[in-house]
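Worksheet: the structure to be examined is printed underneath.
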Amino acid sequence: MTSSISPGKHKVDGASEDEPNLKKPSVHSDLIASHYNRRGNTSCAERRNSKIFFMRNFNNWIKSVLIKKYVDNLREEEGTRHRPTVLDLGCGKGGDLLKWNKGNIQRMVCTDLAATSIDQCKERYSLLQKRNRNQIFDAEFIVSDSGKKLLCEKLSDREITFDITSSQFVVHYTFESEEQAEMMVRNACQGLRPGGYFIGTTVNDAVLINKARSSPDLKFGNDVFSVSFQSKEPFPDFGCKYIFKLHDVVDCPEFLLKKKVFTKICRKHGMRLVEWKTFSEFFYENSKFRENFRLINRMKALEVYPPHNDQLNSAASGDYEHAEKECRRIQCKYPDSRPQVATLSKTEWEAASIYVVFAFVKDDSDKTVEDDESDDDVFNEKIPLVIL
């Protein structure tokens with residue numbers, strides 16, 4: 001049974017005597033925190049003029065659908081009136097608060113290693129409170145590095161249990177060392193109730209390794225992103241550092257997360273892998289549902305081709321060949337039609353395709369939890385595209 005959390009609490013890291021210490025101190029977490037502390041809020045106009053406007057919206061669509069899917073799963077298991085309690089590890093500025101509020105959750109703990117991000121998250125929560133006075137969840141905010149600190153000792157209620165832990169685009173940062181990765185997974189999973197979910201988005205190790213191997217200098221990218229690996233083969237399970245840059249958003253060190261290694265660590269905490277999908281797979285499986293399809297338009301998750309105003313988000317040659325080909329196919333089949341499709345440019349898709357969706361469940365059965373040995377087909381993926 002979950003326990004109540006007071007709205008709007010804010011804690012800052014403080015070490016305790018019985019808190020485990022990592023063997024290897026990390027300077028990278030300080031660099032990452034500093035990077036995100038320096039980032040200010042951008043205006044709507046600035047976001048709209050960004051080269052990655054649609055990619056960011058698409059990533060948000062992925063997260064929205066993922067969150068809804070597992071909240072719905074819980075309600076199917078627990079009853080329609082069940083209001084989940086959620087732990088968000090690496091909440092950032094609170095970009096997912098509205099998604100969770102639409103899921104009608106009861107309580108939420110938001111943590112991040114960047115104090116400025118937590119402050120901005122609290123501000124978003126306050127605005128959400130004002131707009132939804134009687135329809136807002138309770139929240140607690142904690143500044144803490146989930147790869148270095150034991151979170152349960154910082155909670156206002158140490159007996160609280162969670163229905164869902166969410167970690168979006170964060171887990172791979174902790175794979176600088178085995179100790180940090182173990183701590184992150186421990187924080188994500190130890191407070192989950194049996195049947196609870198650990199969901200999120202992280203890097204696609206198969207794509208990253210394949211692209212790095214195909215490059216003589218271990219670097220790849222395009223006009224909106226770049227990846228530069230620091231380690232040569234064999235790519236180690238931990239500490240495999242690369243520099244990731246994303247237009248106007250990210251410029252900091254990250255670490256390769258291997259699916260099999262991550263799954264093995266999660267299994268030690270009683271977690272069973274139930275979903276590991278590339279963004280392309282997840283899109284095509286879930287966009288067919290009416291509500292998710294409508295959400296694409298509401299969130300502007302894909303770009304319309306050909307555009308109404310003859311202006312495309314990308315000027316790179318060949319970026320919309322796939323969309324043009326589909327429009328020609330429709331035109332040939334229906335000569336009197338004026339077909340339009342919604343898609344991403346190849347440039348934006350190349351950046352988005354380095355990520356996957358994952359979900360684990362806290363397995364309370366007696367059966368052995370086995371590793372998922374399947375190989376993902378990640379090299380011939382279709383760019384997300386729907387006919388309008």
Side-chain angles (χ1 to χ4, degrees), residues 22-33 35-36 59 89-90 113 145-148 167-188 198 200-222 225-246 249-268 271 273 275-281 350-360 371-379 381:
L22 296 180
K23 297 176 183 178
K24 300 177 182 178
S26 168
V27 297
H28 292 104
S29 58
D30 294 333
L31 289 173
I32 294 164
H35 167 75
Y36 285 103
N59 289 353
L89 291 178
L113 58 77
D145 187 339
S146 296
K148 296 168 67 176
S167 185
Q168 305 296 336
F169 300 102
V170 169
V171 179
H172 47 280
Y173 285 109
T174 67
F175 272 66
E176 178 181 1
S177 69
E178 185 172 3
E179 292 85 1
Q180 290 181 68
E182 291 271 2
M183 179 64 75
M184 177 67 172
V185 173
R186 180 179 176 184
N187 281 324
F198 174 26
T201 45
T202 190
V203 294
N204 187 332
D205 61 313
V207 165
L208 288 173
I209 290 174
N210 183 64
K211 287 182 177 292
R213 282 174 174 163
S214 300
S215 172
D217 57 1
L218 299 176
K219 298 178 182 179
F220 59 90
N222 57 37
F225 88 107
S226 67
V227 172
S228 177
F229 272 85
Q230 311 295 296
S231 304
K232 297 181 180 180
E233 294 224 43
F235 298 100
D237 290 347
F238 302 97
C240 187
K241 178 182 172 183
Y242 59 89
I243 303 300
F244 179 62
K245 296 181 181 181
L246 181 63
V249 179
V250 181
D251 184 358
C252 62
E254 296 189 358
F255 296 89
L256 182 69
L257 175 153
K258 293 182 179 178
K259 174 187 174 183
K260 290 182 179 180
V261 176
F262 183 39
T263 302
K264 184 177 181 180
I265 297 174
C266 287
R267 194 175 74 251
K268 288 164 58 177
M271 306 300 296
L273 183 65
E275 183 162 27
W276 185 280
K277 299 283 174 56
T278 66
F279 274 17
S280 179
E281 290 172 324
E350 189 177 356
S353 67
I354 66 173
Y355 297 105
V356 295
V357 162
F358 68 82
F360 295 83
D371 276 329
D372 182 353
E373 298 292 342
S374 62
D375 291 322
D376 299 306
D377 180 15
V378 297
F379 306 125
E381 290 196 289

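In this chain, residues are counted from 1 in sequence order. Atoms considered below: every heavy atom in the structure, side chains included; atoms not considered: hydrogens, waters and symmetry mates.
A donor-acceptor pair under 3.5 Å links the side-chain atoms of T174 to the main chain of V171, judged by distance alone. T201 places no side-chain N or O within donor-acceptor distance of the main-chain N or O of Q168, the cut-off being under 3.5 Å.
Between the CE atom of M271 and the OG1 atom of T263 there is a distance of 11.0 Å, given to the nearest 0.5 Å. Once rounded to the nearest 0.5 Å, the distance linking CH2 of W276 with CZ of F262 reads 6.0 Å. In this structure, NZ on K241 lies 10.0 Å from OG on S228, to the nearest 0.5 angstrom. Between the CG atom in L273 and the NZ atom in K259 there is a gap of 6.0 Å [rounded to 0.5 Å]. Distance check: N210 CG to D205 CG gives 11.0 Å after rounding to the nearest 0.5 Å. Distance check, rounded to the nearest 0.5 Å: CD1 of I209 to OG of S214 gives 11.5 Å.
The aromatic rings of F229 and Y242 are tilted relative to each other, their planes meeting at an angle between 30° and 60°. Using a 30° and 60° split on the angle between ring planes, F238 and F175 fall in the parallel class, below 30°. The aromatic rings of Y355 and H172 lie tilted to each other, with the angle between the two planes from 30° to 60°.
Between Q180 and K148 there is a side-chain heavy-atom pair separated by less than 4.5 Å. Looking at S167 and M184, their side chains come closer than 4.5 Å, going by heavy atoms from C-beta outward. Here the side chains of F235 and E233 are in contact, with some heavy-atom distance below 4.5 Å. Between V170 and L89 the shortest side-chain heavy-atom distance does not fall below 4.5 Å. The shortest distance between side-chain heavy atoms of F225 and F220 falls below 4.5 Å.
Of the N and O atoms on the side chains of E254 and Y173, at least one donor lies less than 3.5 Å from an acceptor on the other residue.
Among all heavy-atom pairs drawn from N59 and A352, the shortest one is OD1-CB, 4.1 Å. The minimum heavy-atom distance linking L246 with A351 is given by the pair CD1-CB, 4.4 Å. When all heavy atoms of I265 and A181 are compared, the pair lying nearest together is CD1-CB, 4.0 Å. Closest approach of V357 to F279, counting heavy atoms only: CG2-CE1, 3.8 Å.
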Applying salt bridge (charged side-chain N to carboxylate O under 4.0 Å, His left out), run through D237 and K258 and close with a yes or a no. CA-CA 7 Å; D237 290 347; K258 293 182 179 178; 3.1 Å; yes
What do the steps show when you test T202 against V356 for side chain to side chain contact (heavy atoms under 4.5 Å, CB included), and what is the final call? CA-CA 6 Å; T202 190; V356 295; 3.9 Å; yes
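Partners of K268 by salt bridge (Lys or Arg N to Asp or Glu O under 4.0 Å), not counting sequence neighbours, listed by chain and number: E182.
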